[in-house]
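The analysis underlying the following values was restricted to heavy atoms, covering all of them including side chains, and did not include hydrogens, waters or symmetry mates.
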Amino acid sequence: QVQLVESGGGLVQAGDSLRLSCAASGRAFSNYAMGWFRQAPGKEREFVTSISGTGSFKSYADFVKGRFTISRDNANNTVYLRMNSLKPEDTAVYYCAASRGFSTATQSYTYWGQGTQVTVSS
């Protein structure tokens, strides 16, 4: 069992930066690939980025490439999402999730956090 708690969301202006954190409890954090997903009002949840258990592999959605960076600290059971050059269309609830395998597919992720709201004003 893995429990995930996100933090770091908030209200920012276009062009600003934020760093989201996701703290994990439970065993063997490094055995899990971690992903960030987001869901805007009226839209389906979508993949943002993922990182393998060791951090060696990363994948990004095209709409965040060059702006967002995922990283993890296995010693502290935490995964991060650094978001730069934020746009109003980045407004959403951001979720972190854990999967046994490295994946970009929502259905591959077993454990989910409660989400943190990110709002970007124009």
Side-chain angles (χ1 to χ4, degrees):
Q1 188 79 7
V2 177
Q3 294 182 327
L4 305 171
V5 179
E6 302 97 334
S7 61
L11 172 63
V12 296
Q13 293 185 333
D16 285 351
S17 298
L18 273 178
R19 189 180 78 160
L20 305 183
S21 300
C22 174
S25 62
R27 297 182 177 181
F29 176 67
S30 61
N31 287 352
Y32 291 88
M34 299 298 296
W36 286 96
F37 296 78
R38 71 185 188 185
Q39 188 165 19
K43 295 187 177 181
E44 292 188 353
R45 191 170 299 188
E46 62 181 355
F47 168 78
V48 176
T49 181
S50 59
I51 187 169
S52 62
T54 61
S56 299
F57 300 99
K58 300 177 185 180
S59 181
Y60 294 93
D62 287 343
F63 54 79
V64 302
K65 282 182 180 177
R67 299 190 300 126
F68 291 11
T69 303
I70 190 171
S71 61
R72 66 188 297 159
D73 179 352
N74 285 345
N76 290 297
N77 286 12
T78 304
V79 62
Y80 302 98
L81 179 63
R82 177 67 178 183
M83 305 185 293
N84 295 329
S85 302
L86 282 162
K87 304 174 182 180
E89 52 263 44
D90 294 319
T91 295
V93 177
Y94 284 72
Y95 299 89
C96 72
S99 170
R100 278 292 191 177
F102 182 63
S103 175
T104 64
T106 305
Q107 58 267 33
S108 297
Y109 286 79
T110 306
Y111 302 104
W112 292 82
Q114 83 289 350
T116 186
Q117 176 71 47
V118 172
T119 303
V120 184
S121 63
S122 58

Note to self: Are Tyr95 and Tyr109 an aromatic pair, judged by ring center distance below 6.0 Å?
What the structure shows: no
Notebook entry, point to check: Under a single-linkage definition using a 4.5 Å side-chain heavy-atom cutoff for Ile, Leu, Val, Met, Phe, Trp and Tyr, are Val120 and Leu11 assigned to the same hydrophobic cluster?
Noted result: no
Next item on the list: Nearest 0.5 Å please: distance from the CZ atom of Arg100 over to the OG atom of Ser108.
Entry: 13.5 Å
Next item on the list: Search all heavy atoms of Asn84 against all heavy atoms of Ser17 and return the closest pair with its distance.
Entry: OD1-OG, 2.9 Å
Notebook entry, point to check: Closest approach of Asn74 and Gly53, non-hydrogen atoms and distance?
Noted result: ND2-O, 2.9 Å
Notebook entry, point to check: Looking at Asp73 and Phe29, what are the two nearest heavy atoms and their distance?
Noted result: O-CE2, 4.2 Å
Margin query: Under 4.5 Å between side-chain heavy atoms, counting indirect links through other Ile/Leu/Val/Met/Phe/Trp/Tyr residues: same cluster for Phe63 and Trp36 or not?
Written below: yes
Margin query: Using every non-hydrogen atom in the two residues, find where Ala98 and Met34 come nearest and quote the distance to one decimal.
Written below: CB-SD, 3.6 Å
Item checked: Output field: ring centroids Trp112/Phe37 closer than 6.0 Å -> yes
Checklist line | Atom pair CD/CD of Gln117 and Glu6 - distance to nearest 0.5 Å | finding: 12.0 Å
Notebook entry, point to check: Any donor-acceptor pair under 3.5 Å linking the side chain of Glu46 with the backbone of Arg38?
Noted result: no
Notebook entry, point to check: Stepwise, does the salt bridge (charged side-chain N to carboxylate O under 4.0 Å, His left out) test hold for Asp62 with Lys65?
Noted result: CA-CA 5 Å; Asp62 287 343; Lys65 282 182 180 177; 3.2 Å; yes
Next item on the list: Starting at SG of Cys96, measure out to CZ of Arg72 and round the result to the nearest 0.5 Å.
Entry: 10.5 Å
Item checked: Spacing of OG1 belonging to Thr119 relative to CG belonging to Asp90, to within rounding of 0.5 Å -> 11.0 Å
Next item on the list: Specify the closest pair of heavy atoms between Leu4 and Tyr111, including all atoms of both residues, with the distance to one decimal.
Entry: CD1-O, 3.5 Å
Note to self: Please find the pair of heavy atoms, one from Val79 and one from Ser71, that lie closest to each other, and give the distance.
What the structure shows: CG2-O, 3.1 Å
Next item on the list: Establish whether Phe47 and Tyr32 are linked, either directly or via other cluster members, by ILVMFWY side-chain heavy-atom contacts under 4.5 Å.
Entry: no
Note to self: Let me confirm one number: the CD-OG1 distance from Glu44 to Thr106, rounded to the nearest 0.5 Å.
What the structure shows: 8.5 Å
Margin query: Could you tell me if Arg82 sits above the aromatic ring of Phe68, with its cationic atom closer than 6.0 Å to the ring centre and no more than 45 degrees from the axis?
Written below: no
Margin query: Whether the side chain of Ser21 engages the backbone of Tyr80 through a donor-acceptor N/O pair (distance < 3.5 Å, no angle test) should be reported.
Written below: no
Notebook entry, point to check: Quick one: are Met83 and Leu20 in side-chain contact, heavy atoms under 4.5 Å?
Noted result: yes
Check: Distance from Ser50 atom OG to Ile70 atom CD1, nearest 0.5 Å?
Finding: 6.5 Å
Check: If Ile, Leu, Val, Met, Phe, Trp and Tyr residues are connected whenever their side-chain heavy atoms lie under 4.5 Å apart, and connections chain through other members, are Val93 and Val5 in the same group?
Finding: no
Note to self: Quick check on the hydrophobic clustering: are Val64 and Leu18 connected, directly or via other members, by side-chain heavy-atom contacts under 4.5 Å?
What the structure shows: yes
